Amino acid sequence: MKAVAFAVAALVCVGTTGAWAQNEAPPPLEAYGATPAIEYIELSPSGDLVARITVVGETRAIAVTRMTTGEHLFAADVGDVKVRDLRWIGENRVLVVTSQTRGIAMLGVPRSELFFGQVLDLEKKKLVQVLDRTPDVLAVLYGSASIRNTQDGDALFVRGVNITTDQIDLHRIDLRTGRGRSVASMDRETDDYVLDGEGEVIALARYVERTGRWSLRLPKGNGFREVWAVDALVDTPSFHGMGRTPRTIIIGADRPDLAQQETDSETSDVLFEVNVDTGEWTRLPFEHHPDFLVHHPQTRLLIGGGRTEEDGVRYEFLEPQASRRWRSIERAFKDKAPRLMSWNDDLSLIVVFTDTGEAGQYQLVDFDRGVADSLAESYPTIAPEQVGVVRPIHYAAQDGLDIPGYLTLPPGVSEPSGLPLVVLAHGGPASQDVAGFDWWAQALASRGYAVLQANFRGSTGYGLAFMEAGYGEWGRKMQTDLSDGVRWLAQEGIIDPSRVCIVGASYGGYAAMAGLTLDAGVYRCGVAVAGVSDLRRMVNWEARQEGRNDSQTVRYWNRFMGAARLNDRALDALSPARLADTVDSPLLLIHGKDDTVVHIEQSRIMAEAMRRAGKPVEFIELQGEDHWLSRADTRQQMLRETVRFLEANNPVGPN
């Protein structure tokens with residue numbers, strides 16, 4: 001463990017000084033496609049212990065170490081599952097949340113991503129399953145878990161589905177056995193809840209999907225009363241935990257009667273602090289609308305927030321001590337855009353993560369000792385000098401809209417000229433590419449490609465108007481925003497416009513297929529991972545999965561895709577599977593068999609359409625893989641096949 005001096009609020013960061021030559025062999029693709037060596041890392045309330053999820057191949061393990069002595073207190077495999085959360089419950093227990101792709105045939109539950117909880121007892125060296133042996137309740141988590149330090153001790157609260165009553169009550173978990181005890185009655189129309197510091201429910205949200213009616217309910221006597229309601233067919237208000245005091249909660253809501261919309265938010269919601277006793281609404285005093293909120297690790301009270309900006313995540317703290325300490329960390333890690341990963345209860349120890357100009361590093365800042373210690377690396381076999389430079393860029397779309405994005409250059413390239421290009425389109429589409437180490441982009445750059453990651457209209461992070469500019473633009477302006485970037489890079493002399501391919505996953509997979517059909521003539525090839533090829537068929541599948549033709553999900557997709565109704569045939573003109581005869585470039589399709597977000601049939605019907613049209617297509621099905629490429633072996637398989645296909649159809653060297 002390397003200690004770095006922390007004095008006068010500044011760290012002297014020691015880094016690698018060697019230069020990586022372009023003619024040296026890059027790391028193998030497996031180094032990029034591997035799951036990060038550390039998935040989660042969390043400090044205990046005292047800060048004396050650290051829990052982490054480590055990954056070697058497909059094996060995930062939980063390990064707990066005493067920081068002061070380096071003593072390993074516990075280590076055990078958690079199985080061939082996907083870890084989704086890791087949190088301390090007091091000083092002696094750890095919650096591990098995992099997921100698996102499973103269905104429950106006897107209950108009519110289709111294959112989906114089901115979440116499970118385990119509690120590690122450090123004293124007994126034992127793991128128990130959350131909701132285990134709870135009468136008539138599935139041992140499956142419904143929504144997120146809540147941890148509180150109550151007068152009766154540390155407590156864990158989760159919702160669970162009762163297969164007899166169909167209730168989804170809130171349960172307090174016996175931390176010794178995992179068994180749950182119902183503490184609040186809830187049903188399927190209970191959209192969300194907020195607990196106070198003692199684990200008492202102080203706010204409920206109800207949502208009637210059929211009517212789109214969302215209502216806020218606050219305590220009154222032994223029950224709850226409705227204090228405000230709104231019609232929200234697609235965009236519902238949202239809870240964000242406790243406020244700055246124990247009797248307030250945070251709500252994101254569109255209240256033009258109380259406050260004007262925040263222009264830097266991609267929704268019309270404003271963040272309000274609501275007093276649960278008086279019902280008074282107060283706008284939170286953030287300078288910029290945060291993407292996420294930060295709560296105190298002990299009290300769970302609101303102390304700040306953060307938002308993604310062009311050069312990384314930036315934090316704004318409302319609590320003075322947290323604000324002072326984070327400002328000193330930002331000065332210490334200047335130009336590194338540090339991210340807050342974990343801290344102990346008195347905020348004297350903070351784990352930060354940096355991945356600017358490196359493949360990702362966790363460091364422990366100790367304010368009492370005045371040092372920062374290197375804890376772990378995400379990709380230990382990729383040295384900083386092997387990381388390609390990531391440049392923020394802006395260019396104008398055909399209609400003049402400013403499109404932001406990032407250009408990743410091959411390692412060692414500082415003055416790019418005439419490079420082959422891969423357009424790497426992000427998923428969502430309501431998502432965004434961000435600064436920092438992107439394993440997929442860096443893998444492609446390591447093979448000699450420039451990589452364009454454009455935040456096309458409809459992406460998050462650039463305000464409501466930018467988001468709404470994407471509505472109804474699947475295959476239209478959202479698509480040409482990508483090829484406009486290609487043309488701009490060509491005009492700048494950075495890339496060779498005759499050597500461009502398009503790659504993406506999820507919505508990005510749709511963009512890859514649409515690039516060969518709806519925006520033909522730009523790309524030499526395309527790689528679509530878990531992509532949507534038939535829009536109408538996908539929305540119809542969503543309706544069948546949810547058992548409702550007018551569900552909130554269906555309404556959301558119809559708005560984004562530009563459909564007037566379910567089964568709108570206008571979507572066929574935007575569906576690559578129905579336009580296969582127009583393809584003039586090779587296409588590689590890759591899809592996980594366990595994908596519960598975009599069904600694998602979307603790639604199968606595209607492959608069949610291409611074959612019927614006599615067009616060049618390859619199709620690879622990934623065994624045991626989900627929508628998010630969660631497994632190392634299949635992620636690496638995807639990366640190998642993608643690079644093989646690119647090198648065959650768009651070689652880096654002379655054609």
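This one's a predicted model, so the numbers in the text were calculated from it and none came from an experiment.
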Nearest-0.5 Å distance that lies between atom [atom1] in [X] and atom [atom2] in [Y]:
{"X": "Ile168", "Y": "Asn162", "atom1": "CD1", "atom2": "CG", "value": "10.0 Å"}
{"X": "Thr408", "Y": "Trp440", "atom1": "OG1", "atom2": "CH2", "value": "13.5 Å"}
{"X": "Ile41", "Y": "Ile53", "atom1": "CD1", "atom2": "CD1", "value": "10.5 Å"}
{"X": "His288", "Y": "Glu316", "atom1": "NE2", "atom2": "CD", "value": "7.0 Å"}
{"X": "Asp192", "Y": "Ser238", "atom1": "CG", "atom2": "OG", "value": "8.5 Å"}
{"X": "Ser348", "Y": "Arg369", "atom1": "OG", "atom2": "CZ", "value": "11.0 Å"}

Quick check: does any side chain N or O of [X] sit under 3.5 Å from a backbone N or O of [Y], one acting as donor and the other as acceptor?
{"X": "Asn344", "Y": "Leu43", "result": "no"}
{"X": "Thr150", "Y": "Asp152", "result": "yes"}
{"X": "Tyr193", "Y": "Leu170", "result": "no"}
{"X": "His295", "Y": "His240", "result": "yes"}
{"X": "Arg148", "Y": "Leu156", "result": "no"}
{"X": "Asp594", "Y": "Thr101", "result": "no"}
{"X": "Thr596", "Y": "Ser112", "result": "no"}
{"X": "Thr134", "Y": "Leu131", "result": "yes"}
{"X": "Glu625", "Y": "Arg631", "result": "yes"}
{"X": "Glu377", "Y": "Gly360", "result": "no"}

I need the minimum non-hydrogen distance between [X] and [Y], along with the two atoms involved.
{"X": "Ile38", "Y": "Tyr362", "answer": "O-OH, 3.6 Å"}
{"X": "Pro45", "Y": "Gly90", "answer": "CD-O, 3.2 Å"}
{"X": "Leu195", "Y": "Ser146", "answer": "CD1-CB, 3.7 Å"}
{"X": "Met341", "Y": "Phe353", "answer": "CG-CB, 3.7 Å"}
{"X": "His296", "Y": "Asp345", "answer": "CE1-O, 3.1 Å"}
{"X": "Pro392", "Y": "Tyr406", "answer": "CA-CD2, 3.9 Å"}

Salt bridge or not between [X] and [Y]? Use side-chain N to carboxylate O under 4.0 Å.
{"X": "Glu39", "Y": "Arg60", "answer": "yes"}
{"X": "Asp626", "Y": "Arg84", "answer": "yes"}
{"X": "Arg339", "Y": "Asp355", "answer": "yes"}
{"X": "Lys126", "Y": "Asp121", "answer": "no"}

Is there a side-chain contact between [X] and [Y] in this structure, where contact means two heavy atoms from C-beta onward sitting under 4.5 Å apart?
{"X": "Val365", "Y": "Phe367", "result": "yes"}
{"X": "Phe116", "Y": "Val130", "result": "no"}
{"X": "Thr356", "Y": "Val390", "result": "no"}
{"X": "Ile303", "Y": "Leu318", "result": "no"}
{"X": "Arg244", "Y": "Glu319", "result": "no"}
{"X": "Ile202", "Y": "Leu218", "result": "no"}
{"X": "Val276", "Y": "Thr248", "result": "no"}
{"X": "Ile173", "Y": "Phe157", "result": "no"}

Any luck finding a side-chain donor-acceptor pair between [X] and [Y] under 3.5 Å?
{"X": "Arg324", "Y": "Ser328", "value": "no"}
{"X": "Glu113", "Y": "Ser99", "value": "yes"}
{"X": "Thr354", "Y": "Gln363", "value": "no"}
{"X": "His426", "Y": "Asp433", "value": "no"}
{"X": "Tyr40", "Y": "Asp85", "value": "no"}

(message) Using 30° and 60° as the class boundaries, would you call the ring planes of Phe437 and Tyr379 parallel, tilted or perpendicular?
(response)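 Rings of Phe437 and Tyr379: tilted, 30 to 60°.
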(message) For Phe317 and Trp343, take the angle between the two ring planes, folded into 0 to 90°, and tell me which bin it lands in: parallel under 30, tilted 30 to 60, perpendicular over 60.
(response)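 Because their plane-to-plane angle lies in the 30° to 60° range, the rings of Phe317 and Trp343 count as tilted.
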(message) Show, in sequence, the C-alpha distance, side-chain angles and deciding distance for Thr308 and Thr460, and conclude whether the side-chain contact (heavy atoms from CB on, under 4.5 Å) test is met.
(response) CA-CA 10 Å; Thr308 301; Thr460 58; over 6 Å; no
(request) Run the numbers on Gln432 and Ser459 for side-chain hydrogen bond (donor to acceptor under 3.5 Å, both in side chains), then give the verdict. (result) CA-CA 5 Å; Gln432 68 183 122; Ser459 300; over 6 Å; no
(request) Might you work through the side-chain contact (heavy atoms from CB on, under 4.5 Å) test for Ile251 and Leu271, ending with a clear yes or no? (result) CA-CA 6 Å; Ile251 297 179; Leu271 289 174; over 6 Å; no
(request) Quick one: which residue pairs count as a salt bridge (charged side-chain N to carboxylate O under 4.0 Å, His left out) with a foot in residues 40-53, not counting sequence neighbours? (result)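 Sorted pair list: Asp48-Arg66.
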(message) With salt bridge (charged side-chain N to carboxylate O under 4.0 Å, His left out) as the rule and sequence neighbours excluded, what pairs involving residues 172-181 come up?
(response)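 Those involving residues 172-181 are Asp174-Arg176.
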(request) For Glu123, look at atom CD and say whether over 12 heavy atoms of other residues, nucleotides or ligands are found less than 6.0 Å away. (result)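 Incorrect, the count does not exceed 12.
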(request) Check the pair Arg159 / Thr190 against side-chain contact (heavy atoms from CB on, under 4.5 Å), numbers first and verdict last. (result) CA-CA 11 Å; Arg159 292 181 71 185; Thr190 303; 3.7 Å; yes
(request) Could you check Val201 against Met186 for side-chain contact (heavy atoms from CB on, under 4.5 Å), going step by step and ending with a plain yes or no? (result) CA-CA 11 Å; Val201 178; Met186 298 181 182; 4.3 Å; yes
(message) Does Glu71 form a side-chain hydrogen bond (donor to acceptor under 3.5 Å, both in side chains) with Thr65? I'd like the steps, not just the answer.
(response) CA-CA 6 Å; Glu71 176 188 4; Thr65 304; over 6 Å; no
(message) With side-chain hydrogen bond (donor to acceptor under 3.5 Å, both in side chains) as the criterion, how do Gln442 and Ser446 come out once you've worked through the C-alpha distance, each side chain's angles and the decisive distance to 0.1 Å?
(response) CA-CA 6 Å; Gln442 289 288 341; Ser446 75; over 6 Å; no
(request) List the steps and the verdict of side-chain hydrogen bond (donor to acceptor under 3.5 Å, both in side chains) for Ser374 and Gln361. (result) CA-CA 7 Å; Ser374 178; Gln361 184 174 182; 2.9 Å; yes
(message) Taking the six-membered ring for Trp, are Tyr142 and Phe115 closer than 6.0 Å centroid to centroid?
(response)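 No, the ring centres sit 6.0 Å or more apart.
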(request) Please determine if Arg635 forms a cation-pi arrangement with Trp439, meaning its NZ or CZ atom is less than 6.0 Å from the six-membered ring centre and no more than 45° off the ring axis. (result)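 The answer is yes, since Arg635 meets both limits relative to Trp439.
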